[in-house]
Amino acid sequence: MQYCSLVYLAAFLPITLLIYALTNKKKRWLVLLIASYIFFLSLSGKLIVYLLFSTLSIHHFGLWLDRLNKDRDKEVELNKENKKEIKELYKKKMGRVVFLAVLIHIGLLVCLKYTGFFGENINNLLEILNVDFRFKIPKILIPIGISFYTLQGLSYIFDVYKGKIDADFNLGRLALFMSFFPCIMEGPICRYNDTATKLYDGEDLTYKNLAFGAQRILWGLFKKMIIADRLNPFIEKIFCEYNSLDGGVILLGAIFYTIQLYADFSGTIDVVIGSGELFGISLPENFRQPFFSKNISDFWTRWHITLGTWFRDYIFYPVSLSKPMKKMTLNLRKILGNHFGPLVAGSVALLCVWLSNGLWHGAAWTFVFFGIYHFILIVLGNIFTPFIINVCKRRHITRTSKPYVFMQIIKTSILVVFGELFFRATTLSSGFAMFKKIFTDFSFDSLKMGTIFKLGCDRADFTIIILALIIIFIVGLLKEKGINVRELIAKQNIFVRWTLYYLLIIAIVIFGAYGFGYAPVDPIYANF
């Protein structure tokens with residue numbers, strides 16, 4: 001049962017809604033919690049023990065921090081003259097509690113996801129060194145969504161430690177926050193103070209929420225089923241058979257994979273956010289027109305937003321604002337100046353972020369390279385920004401002009417496509433082989449001869465995909481201009497509204513990739 005399946009959309013979600021509506025308001029949170037655990041069980045079965053362990057553990061660590069907070073306040077009240085020393089002592093104690101929580105949960109995540117990766121690489125190294133010994137690598141089953149609910153749980157611990165939120169004594173509320181079924185598989189990664197209370201309050205079902213939720217779900221299905229799923233056979237062929245293809249086709253494959261990944265991930269997130277909206281729950285947005293980005297840094301404030309903000313708040317800021325980094329920045333300002341001095345500490349923090357980002361996506365060198373690739377691009381952008389600004393001033397180029405912005409968007413899109421090529425490649429060597437072919441064996445012969453239409457998608461498929469992309473581009477352009485498309489549709493008369501809804505439904509039914517002879521495609525990000 002995944003978000004775009006008939007079981008979820010036609011059975012699980014409507015039944016949950018019905019039971020939720022018929023249940024007393026005070027008990028509705030329990031309906032959502034039971035539904036969430038049923039959903040998780042359907043995906044990971046007995047591996048639910050990991051989710052239960054994480055929930056109980058996070059709850060315990062939160063209460064532990066709360067006790068230390070209260071003990072500190074009592075001691076401060078009794079010994080006001082030693083207030084500073086007491087606070088410093090308890091800060092260290094709480095820091096050790098947080099360290100233990102991180103060690104347990106990140107350790108569990110690393111053991112489950114990366115044991116095979118580290119084991120294989122150690123064995124490869126032993127082979128190079130001519131050492132006969134080899135580690136036996138166990139096969140480990142990984143529960144769905146562990147990367148998402150682990151980060152959610154740790155964000156709760158960090159926020160309790162920082163005093164942003166109070167520890168929650170209600171285990172049920174925390175359990176629901178950790179497991180809420182619409183976002184357990186692919187996110188978005190929620191913060192406790194954004195969703196926990198709303199989830200527990202049992203909001204009434206309203207016509208607006210039901211209408212807007214259903215609208216968002218349909219829009220997500222449009223992207224996922226018509227574009228992402230229809231492109232899948234073509235993408236599979238390109239990345240599996242690249243040796244027999246020319247560079248032009250490989251480049252098109254990289255472009256279409258980037259489109260597929262966006263349509264799949266953002267489409268699934270639309271279904272997720274729409275599902276939450278049905279219950280009156282506002283989940284955080286995860287995309288904001290990423291292909292209108294003017295540089296790579298801008299792109300990562302628009303793509304997988306909740307993951308980016310998690311890394312920013314809990315890795316980038318703590319590293320860059322740590323005492324050693326502050327001291328380094330102070331010294332380097334005197335040597336390198338106010339622009340380049342802070343860049344060193346910022347780059348160290350960025351390296352931590354992008355190594356974590358790459359490995360978070362999966363245990364493979366392709367993902368590590370993906371992270372380092374974006375790290376280098378962002379650092380280079382930071383270094384050369386003053387130079388670019390000066391050149392534009394001397395050449396009297398307005399950096400906000402439409403031609404300049406357009407060129408920046410094109411440049412950024414090209415860099416993103418090359419990054420996604422390595423992200424999708426089965427191995428790092430195959431990624432470099434494909435990249436090399438784009439520049440050394442580039443031609444459009446496959447397109448001219450029509451052989452490209454025999455690689456899993458024919459002319460009709462590409463026509464449908466391109467028309468769907470035009471619609472998505474228009475909607476994105478309107479949103480980029482600050483026009484709320486959903487509110488705009490809601491203001492139209494009933495005939496216009498329902499005509500649009502029926503057109504969307506008919507498009508999904510007729511042009512969606514599903515049915516006899518079609519292998520269902522799981523959401524791509526569910527693997528991460």
Side-chain angles (χ1 to χ4, degrees), residues 53-108 150-178 189-198 200-201 309-336 338 341-353 356:
F53 168 78
S54 292
T55 302
L56 292 169
S57 174
I58 292 293
H59 184 249
H60 172 74
F61 280 113
L63 297 184
W64 192 353
L65 290 170
D66 183 77
R67 281 197 303 274
L68 288 172
N69 262 325
K70 288 176 180 176
D71 291 346
R72 178 198 61 201
D73 293 342
K74 284 178 184 177
E75 286 200 35
V76 167
E77 189 64 32
L78 293 170
N79 302 284
K80 290 184 179 178
E81 64 278 5
N82 297 320
K83 179 180 177 180
K84 188 175 180 181
E85 290 82 357
I86 292 169
K87 284 191 172 182
E88 192 63 33
L89 176 65
Y90 274 90
K91 186 178 179 182
K92 287 180 181 178
K93 285 183 178 180
M94 292 173 73
R96 287 194 287 269
V97 172
V98 172
F99 176 76
L100 183 58
V102 172
L103 185 65
I104 289 172
H105 292 90
I106 295 298
L108 180 63
T150 298
L151 295 192
Q152 282 201 175
L154 288 177
S155 73
Y156 166 78
I157 293 297
F158 294 144
D159 289 348
V160 171
Y161 169 71
K162 291 177 181 178
K164 290 183 177 181
I165 59 173
D166 295 324
D168 198 336
F169 285 76
N170 189 323
L171 178 58
R173 182 160 47 213
L174 181 67
L176 180 54
F177 163 73
M178 291 278 287
I189 300 165
C190 303
R191 304 293 176 90
Y192 192 79
N193 55 347
D194 290 336
T195 59
T197 303
K198 274 273 190 181
Y200 193 79
D201 285 347
T309 54
W310 198 99
F311 284 133
R312 180 197 67 195
D313 293 346
Y314 303 120
I315 295 181
F316 181 81
Y317 287 153
V319 172
S320 61
L321 298 177
S322 64
K323 287 182 181 179
M325 289 297 107
K326 281 184 175 181
K327 188 176 179 181
M328 182 194 292
T329 299
L330 191 64
N331 293 329
L332 289 174
R333 275 183 189 274
K334 297 172 185 176
I335 302 168
L336 301 174
N338 288 330
L343 279 183
V344 178
S347 297
V348 172
L350 268 178
L351 180 60
C352 295
V353 165
S356 300

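When reading the values below, keep in mind they use all heavy atoms of this one structure, side chains included, and skip hydrogens, waters and symmetry mates.
- Legend: residues meeting side chain to side chain donor-acceptor pair (under 3.5 Å) with Thr195, ordered by chain and number and at least two apart, are absent.
- Rounded to the nearest 0.5 Å, atoms CG (Asp159) and CD1 (Ile165) are 5.0 Å apart.
- Proximity of Asp166 to Asn69: side-chain heavy atoms (C-beta onward) are nowhere separated by under 4.5 Å.
- Residues satisfying the salt bridge (charged side-chain N to carboxylate O under 4.0 Å, His left out) test with Lys162, not counting sequence neighbours, are none.
- In this structure His59 satisfies the side-chain contact (heavy atoms from CB on, under 4.5 Å) test together with Leu63, Leu171, Leu174, sequence neighbours excluded.
- Taking the ring pair (Phe, Tyr, Trp, His ring centres under 6.0 Å) definition, one finds that Phe158 meets it with Tyr314, sequence neighbours left out.
- Rounded to the nearest 0.5 angstrom, Gln152 CD and Ser54 OG are separated by 11.5 Å.
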Query raised in the report: Hey, mind stepping through Val76 and Tyr90 against side-chain contact (heavy atoms from CB on, under 4.5 Å) and telling me if it holds?
Result: CA-CA 11 Å; Val76 167; Tyr90 274 90; over 6 Å; no
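- With a 4.5 Å cut-off on side-chain heavy atoms, Ile315 and Ser356 count as touching.
- Not counting sequence neighbours, Glu81 has no partner by the salt bridge (charged side-chain N to carboxylate O under 4.0 Å, His left out) test.
- Note that CZ of Phe177 is 10.5 Å distant from OG1 of Thr197, once rounded to the nearest 0.5 Å.
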Listed pairs under 3.5 Å, donor-acceptor, residues 326-335 side chains, sequence neighbours left out:
residue : atom : partner : partner atom : Å
Thr329  : OG1  : Met325  : O            : 2.9
Asn331  : ND2  : Lys327  : O            : 3.3
Arg333  : NH1  : Asn338  : OD1          : 3.2

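- Interatomic distance, Lys83 NZ to Glu77 CD, rounded to the nearest 0.5 Å: 10.0 Å.
- Within 6.0 Å of CG in Asn79 there are more than 12 heavy atoms belonging to other residues, nucleotides or ligands.
- Within the structure, the salt bridge (Lys or Arg N to Asp or Glu O under 4.0 Å) test picks out the following pairs touching residues 313-325 (sequence neighbours left out): Arg191-Asp313.
- A distance of 11.5 Å separates CG in Leu151 from SG in Cys190, rounded to the nearest 0.5 Å.
- Ring-plane geometry between Phe61 and Trp64 is classed as parallel, the angle between the planes falling under 30 degrees on a 0 to 90 degree scale with a further cut at 60.
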Query raised in the report: Checking side-chain contact (heavy atoms from CB on, under 4.5 Å) for the pair Asn193/Lys164: CA distance, chi angles, key distance, verdict?
Result: CA-CA 9 Å; Asn193 55 347; Lys164 290 183 177 181; 5.6 Å; no
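- For the pair Leu343/Leu336, no side-chain contact is recorded, criterion being any heavy-atom separation below 4.5 Å from C-beta on.
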Report task. Please lay out, stage by stage, how Leu154 and Ile106 fare under the test side-chain contact (heavy atoms from CB on, under 4.5 Å). Result -> CA-CA 9 Å; Leu154 288 177; Ile106 295 298; 3.6 Å; yes
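- A search for side chain to side chain donor-acceptor pair (under 3.5 Å) contacts involving Asn170 returns Tyr200, not counting sequence neighbours.
- The ring pair (Phe, Tyr, Trp, His ring centres under 6.0 Å) test applied to Phe316 returns no partner, not counting sequence neighbours.
- With rounding to the nearest 0.5 Å, the separation of CD1 in Ile104 from OG in Ser57 is 5.0 Å.
- Screening residues 56-74 for salt bridge (Lys or Arg N to Asp or Glu O under 4.0 Å) gives Asp66-Lys70 as the qualifying pairs, with residues at least two apart or on separate chains.
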What side-chain donor-acceptor pairs closer than 3.5 Å can you find for residues 91-99, not counting sequence neighbours?
none

